[in-house]
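Structure, as structure tokens:
Side chains are part of it too, since the values below use all heavy atoms of this structure and drop only hydrogens, waters and symmetry mates.
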Amino acid sequence: MKSVFNKLFLFTGNNLKNIVENPSHEGPDPNPGRYCFRLHKNRVFYVSESLVKRATNIARKDLVGLGTCIGKFTHGGKFILTIQCLNLLASNAKHKVWLKPTSEMSFLYGNHVLKGGLGRITDGIAKNDGVVVFSMSDVPLGFGVAARSTQECRKLDPNGIVVHHQADIGESTITKYKIGLCQLRVNSDKNWNIIHARNAIKVAADQGARLVVLPKMWNCPYSSDYFPEFSENFDDVDASPSFSMLAEAASCHGITLVGGSVPERSNNRLYNTTCVFGSDGRLKAKHRKIHLFDIDVTGDFYFKESDTFIAGDNPTIVDTGAHLICYPGAFNMSTGELLWELFGEMIATSGFEETILIA
């Protein structure tokens with residue numbers, strides 16, 4: 001339980017003593033004792049001794065929980081606090097910040113605390129200290145980790161981050177979510193490309209990625225000469241080796257897989273299509289590229305996707321377990337140098353929580 005107390009100490013400092021020695025007033029017992037910490041399965045509960053005694057009448061396998069769940073241990077053995085512990089942290093917090101009313105909703109939508117939204121801040125906060133976030137009327141909203149010290153915040157730009165968001169009252173828990181971006185080199189051998197992609201997916205999954213993303217046109221060279229030859233009819237799975245490999249890899253590794261894009265053949269038409277598979281290997285969503293890439297730079301470069309592909313009709317939103325916009329791309333050296341970084345910055349500053357790009 002050492003990691004539990006270390007995490008609580010990050011937010012409460014010496015006030016942790018109040019939590020540990022807090023007398024209980026729960027239950028019918030004349031002497032209910034104190035509150036204590038109990039580990040049940042992978043979750044840690046803050047509960048009165050009286051309730052613990054009564055819980056012994058329930059078989060452990062049938063017991064869902066007891067008291068207040070303050071956190072849980074991940075599969076990797078790391079302890080994280082859950083939002084249910086907010087009242088406990090708020091009443092014993094060592095470090096606090098208060099948000100301006102205009103910034104409360106931004107925080108509750110999962111965004112970090114910016115200097116421009118800061119109403120007040122306690123003295124003595126150091127970088128990486130645990131911080132409880134309040135409204136100006138002292139209502140606890142959530143908690144996070146200080147991005148900068150109190151002293152540094154006084155000189156900070158309005159758009160600078162003061163507190164990194166970890167949890168708020170609009171959610172139940174926050175965990176780290178690892179994403180694997182598989183940058184791939186392709187050639188004119190389709191089978192080699194598929195094997196190469198499968199191996200990259202395995203490497204990402206073995207390193208803990210829960211969401212893996214492949215680049216655009218990973219199964220063939222990015223050329224109009226290859227698109228028809230390498231295209232697949234996804235309705236005929238047995239004749240679609242790229243599609244089948246993605247489904248199998250997602251199921252085998254228990255990951256969500258954004259399959260970059262491959263040329264899809266449907267009703268004698270070609271589409272630049274992204275398939276998203278769930279951890280059960282089933283197709284969660286299929287996106288056909290809407291805005292086809294057409295460019296004609298005199299004396300340098302000419303390429304028009306619209307000469308080969310039909311544009312899709314609608315944007316695609318799918319539950320991947322993370323709030324982000326995903327852009328699998330394929331730029332050549334001429335357009336990539338000019339547009340890739342600029343394009344990424346444009347998407348990232350358009351109001352999305354996170355943006356990932358892979359080529």
Side-chain angles (χ1 to χ4, degrees), residues 180-206 209 212-250 252-253 255 257-277 281 283 286-312 326-340 343 356-359:
L181 304 180
C182 300
Q183 189 173 35
L184 301 173
R185 178 171 57 88
V186 301
N187 59 35
S188 57
D189 185 339
K190 184 176 180 179
N191 288 332
W192 185 91
N193 294 334
I194 293 174
I195 294 172
H196 186 46
R198 183 192 294 124
N199 291 338
I201 293 169
K202 182 181 184 303
V203 170
D206 288 346
V212 177
V213 185
L214 300 186
K216 177 181 178 182
M217 291 300 165
W218 59 267
N219 77 337
C220 70
Y222 189 68
S223 169
S224 299
D225 297 334
Y226 289 95
F227 295 152
E229 177 186 353
F230 284 61
S231 64
E232 299 180 5
N233 179 3
F234 300 156
D235 293 328
D236 184 0
V237 177
D238 293 335
S240 302
S242 303
F243 184 94
S244 298
M245 184 278 288
L246 295 174
E248 180 186 357
C252 175
H253 299 295
I255 58 172
L257 181 56
V258 179
S261 77
V262 298
E264 177 199 7
R265 184 175 64 257
S266 178
N267 296 324
N268 295 319
R269 293 183 170 188
L270 292 182
Y271 299 90
N272 188 346
T273 302
T274 296
C275 293
V276 182
F277 295 87
L283 181 67
K286 183 174 72 173
H287 175 75
R288 290 170 171 170
K289 185 177 181 181
I290 301 172
H291 305 291
L292 300 178
F293 183 67
D294 289 356
I295 187 171
D296 185 358
V297 180
T298 304
D300 185 12
F301 188 74
Y302 173 89
F303 184 85
K304 289 190 175 181
E305 282 188 326
S306 60
D307 289 342
T308 306
F309 293 116
I310 302 298
C326 175
Y327 182 83
F331 280 76
N332 57 64
M333 292 302 295
S334 298
T335 57
E337 185 176 1
L338 295 173
L339 300 177
W340 181 249
F343 185 74
I356 59 172
L357 295 89
I358 175 66

request  = With sequence neighbours left out, write down each residue that passes salt bridge (charged side-chain N to carboxylate O under 4.0 Å, His left out) with Lys202, or none if nothing qualifies.
outcome  = Asp206
key: Exercise: identify the closest heavy-atom pair between Pro328 and Cys326   = CD-O, 3.7 Å
request  = Take Val186 and Phe230 through the test side-chain contact (heavy atoms from CB on, under 4.5 Å) and record every step on the way to the result.
outcome  = CA-CA 12 Å; Val186 301; Phe230 284 61; over 6 Å; no
Crowding at CG, Asn267 (>12 non-hydrogen neighbours, <6.0 Å) = no
inquiry  = Check whether Trp218 reaches the backbone of Gly259 with its side chain - one donor and one acceptor, N or O, closer than 3.5 Å.
reply    = yes
task = Determine yes or no for a side-chain-to-main-chain donor-acceptor pair under 3.5 angstrom, with Asn187 supplying the side chain and Asn193 the backbone.
result = no
task = Look up atom CD1 in Ile295 and atom CZ in Phe303, then write down how far apart they are to the nearest 0.5 Å.
result = 10.5 Å
ask   = Can the ring centres of Phe309 and Phe293 be said to be less than 6.0 Å apart?
value = no
key: More than 12 heavy atoms of other groups within 6.0 Å of Tyr222 OH   = yes
message = If you define the side chain from C-beta out and look only at heavy atoms, does anything of Pro263 sit under 4.5 Å from Asn219?
response = yes
message = Against Ser231, only a single residue in Glu264, Arg265, Arg269 fulfils side-chain hydrogen bond (donor to acceptor under 3.5 Å, both in side chains); can you say which?
response = Arg265
inquiry  = If I compare all heavy atoms of Leu270 with all of Phe227, which pair ends up nearest, and what's the gap?
reply    = CD1-C, 4.3 Å
ask   = Taking the side chain from Thr274 and the backbone from Gly260, do they hold a donor-acceptor pair closer than 3.5 Å?
value = yes
note = On a heavy-atom basis, the closest approach of Leu292 and Ala311 is CD1-N, 3.8 Å
message = Taking Val237's backbone N and O only, do any of them form a donor-acceptor pair with Ser244's side chain (distance below 3.5 Å, no angle check)?
response = yes
key: Least distance between heavy atoms, Lys289 atom then Glu305 atom   = NZ-OE1, 2.8 Å
ask   = For Val276 and His287, what are the C-alpha separation, side-chain angles and deciding distance, and is it a side-chain contact (heavy atoms from CB on, under 4.5 Å)?
value = CA-CA 8 Å; Val276 182; His287 175 75; over 6 Å; no
message = How close do Gly281 and Ala250 get, counting heavy atoms only, and between which atoms?
response = CA-CB, 4.4 Å
remark   = Residues at least two apart in sequence or cross-chain that pass side-chain contact (heavy atoms from CB on, under 4.5 Å) with Ala205, listed by chain then number, are His253, Ile255
note = Closest heavy-atom pair, Cys182 versus Ala204, reported as atoms and distance to 0.1 Å, is SG-CB, 4.2 Å
query = Rounded to the nearest 0.5 Å, what separation is found between the CG atom of Leu257 and the SG atom of Cys252?
reply = 11.5 Å
message = Would Val262 and Leu246 count as a side-chain contact (heavy atoms from CB on, under 4.5 Å) here? Give the steps.
response = CA-CA 11 Å; Val262 298; Leu246 295 174; 5.6 Å; no
key: Side-chain heavy-atom pair Ile310, Arg288 within 4.5 angstrom cut-off   = no
task = Quick one: do Thr273 and Phe234 satisfy side-chain contact (heavy atoms from CB on, under 4.5 Å)? Show the steps, please.
result = CA-CA 10 Å; Thr273 302; Phe234 300 156; 3.8 Å; yes
ask   = Can you tell me if Asp294 uses its side chain to pair, donor with acceptor, with the backbone of Ser306 under 3.5 Å?
value = yes
request  = Please list, chain by chain and in numerical order, all residues satisfying salt bridge (charged side-chain N to carboxylate O under 4.0 Å, His left out) with Glu232, sequence neighbours excluded.
outcome  = Lys190
